[in-house]
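Quick note: numbers below take in every heavy atom, side chains included, and nothing from hydrogens, waters or symmetry partners.
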Amino acid sequence: MSSDDIHLPAGLMAHAGHYFPWDLVVLFVLAVVLGVRLYRVLGRRVGMQGVRQERPGGGRFGFGPQKGGAPDTARPGAPPPLPGQTSATGGNGVFAPAAAPEVEYEIPAPVTRVGGVLADIAGAFPGFSPSGFLKDAEDTFRQVVPAFAAGDRSALEKLLTPAALDGFSAAIDARTQAGETQRSDLRGVESLSILDAMLVSAEDGVRTGRIEVRVVSRQVNILTDRQGEPVVGTEAVTEFHDLWLFERVVGQSDTRWRLAASCPA
């Protein structure tokens, strides 16, 4: 039988010649739009959830205009591996902890305004160096995040100023009264950047050094209610951008730079 002998109904031929799957196109566009919106909501969240500390005054923490900073070429070694990281087998067959990614430290160049203030701070605090300060700030960040989630006030007391401790304690109390549970699983610290610094003098002559740091980290951060249902956050690993203000008083025996305030970057 030749192709000339095959005949289809005229209505079917007309439908086959002009049909276009517009319904599939519309469904595809809707899927793309929903995917983009979900990524924007779940893929990135700014700021440590549950507590926000801000110092009164202009700007974020009462500092002056920001100046651009250049990354410091002298970087310290990689920090210790994080708990729960996978292990790798060494040449002798013994499993060793996997090396943690190197944390990027960004320090303003000495010729900038902030770099000049850091030099003044180094003169007021013997042994101070920007890179050493950022290493201590990273260690503090790694301790504060889980301590706040667990409501460990004794640990926070060693790391925060009295005013900041009051704010964190109030947030813990509110969370407890609401029957909420905070989970903060710190998966990694990407970078710490010194954004601003100042050395201020009070009327009684006491001088205080203040350094503002931006911390970029990856966390699983979620707040659940009494029934275990999520209130804020997500189970997905999320990138956080935080601004932390550290303080230290000149002449005191306490050599730690303490967290004085925090807010989302």
Mind listing the closest non-hydrogen atom pair of [X] and [Y] along with its distance?
X: A164; Y: A260; value: CB-O, 3.5 Å
X: F141; Y: S217; value: CZ-OG, 3.6 Å
X: P230; Y: I222; value: CB-CD1, 3.8 Å
X: P130; Y: L118; value: CG-CD1, 4.2 Å
X: E247; Y: T161; value: OE1-CG2, 4.3 Å
X: I121; Y: A197; value: CD1-CB, 4.1 Å

For L134, which of V215, L192, I211 qualifies under side-chain contact (heavy atoms from CB on, under 4.5 Å)? L192
Not counting sequence neighbours, which residues clear side-chain hydrogen bond (donor to acceptor under 3.5 Å, both in side chains) with [X]? List them please.
X: D152; answer: S154
X: E157; answer: none
X: S201; answer: none

What's the separation between atom [atom1] in [X] and atom [atom2] in [Y], rounded to the nearest 0.5 Å?
X: H241; Y: R214; atom1: NE2; atom2: CZ; result: 8.0 Å
X: D136; Y: F246; atom1: CG; atom2: CZ; result: 9.0 Å
X: Q182; Y: N221; atom1: CD; atom2: CG; result: 4.5 Å
X: Q143; Y: K158; atom1: CD; atom2: NZ; result: 9.0 Å
X: Y105; Y: K135; atom1: OH; atom2: NZ; result: 5.0 Å
X: R256; Y: L160; atom1: CZ; atom2: CG; result: 10.0 Å

Would W244 and V144 count as a side chain to side chain contact (heavy atoms under 4.5 Å, CB included) if you check the C-alpha gap in whole Å, the side-chain angles of each, and the deciding distance to 0.1 Å? CA-CA 11 Å; W244 282 28; V144 168; 3.6 Å; yes
Name all residues meeting the salt bridge (charged side-chain N to carboxylate O under 4.0 Å, His left out) criterion together with D254; count only those two or more places apart in sequence or in a different chain, and write none if there are none.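 Once residues adjacent in sequence are excluded, the partners of D254 under the salt bridge (charged side-chain N to carboxylate O under 4.0 Å, His left out) criterion are R258.
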What pairs of residues pass the salt bridge (charged side-chain N to carboxylate O under 4.0 Å, His left out) test when at least one of them lies in residues 168-183, not counting sequence neighbours? R153-D173, R183-E235
Let's go through D196 and R113 carefully: what are the C-alpha distance in whole Å and the side-chain angles of both, what is the deciding distance for salt bridge (charged side-chain N to carboxylate O under 4.0 Å, His left out) to 0.1 Å, and is it a yes or a no? CA-CA 9 Å; D196 211 340; R113 178 188 64 82; 3.0 Å; yes
Does V250 have any side-chain contact (heavy atoms from CB on, under 4.5 Å) partners at least two apart in sequence or in another chain, and if so, which? A124, F125, L199, R207
Using 30° and 60° as the class boundaries, would you call the ring planes of F133 and F128 parallel, tilted or perpendicular?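 Ring orientation, 0 to 90° scale: tilted.
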Following the transitive rule for hydrophobic clusters with a side-chain heavy-atom cut-off under 4.5 Å over Ile, Leu, Val, Met, Phe, Trp and Tyr, establish whether L165 and L259 coincide in one cluster. yes
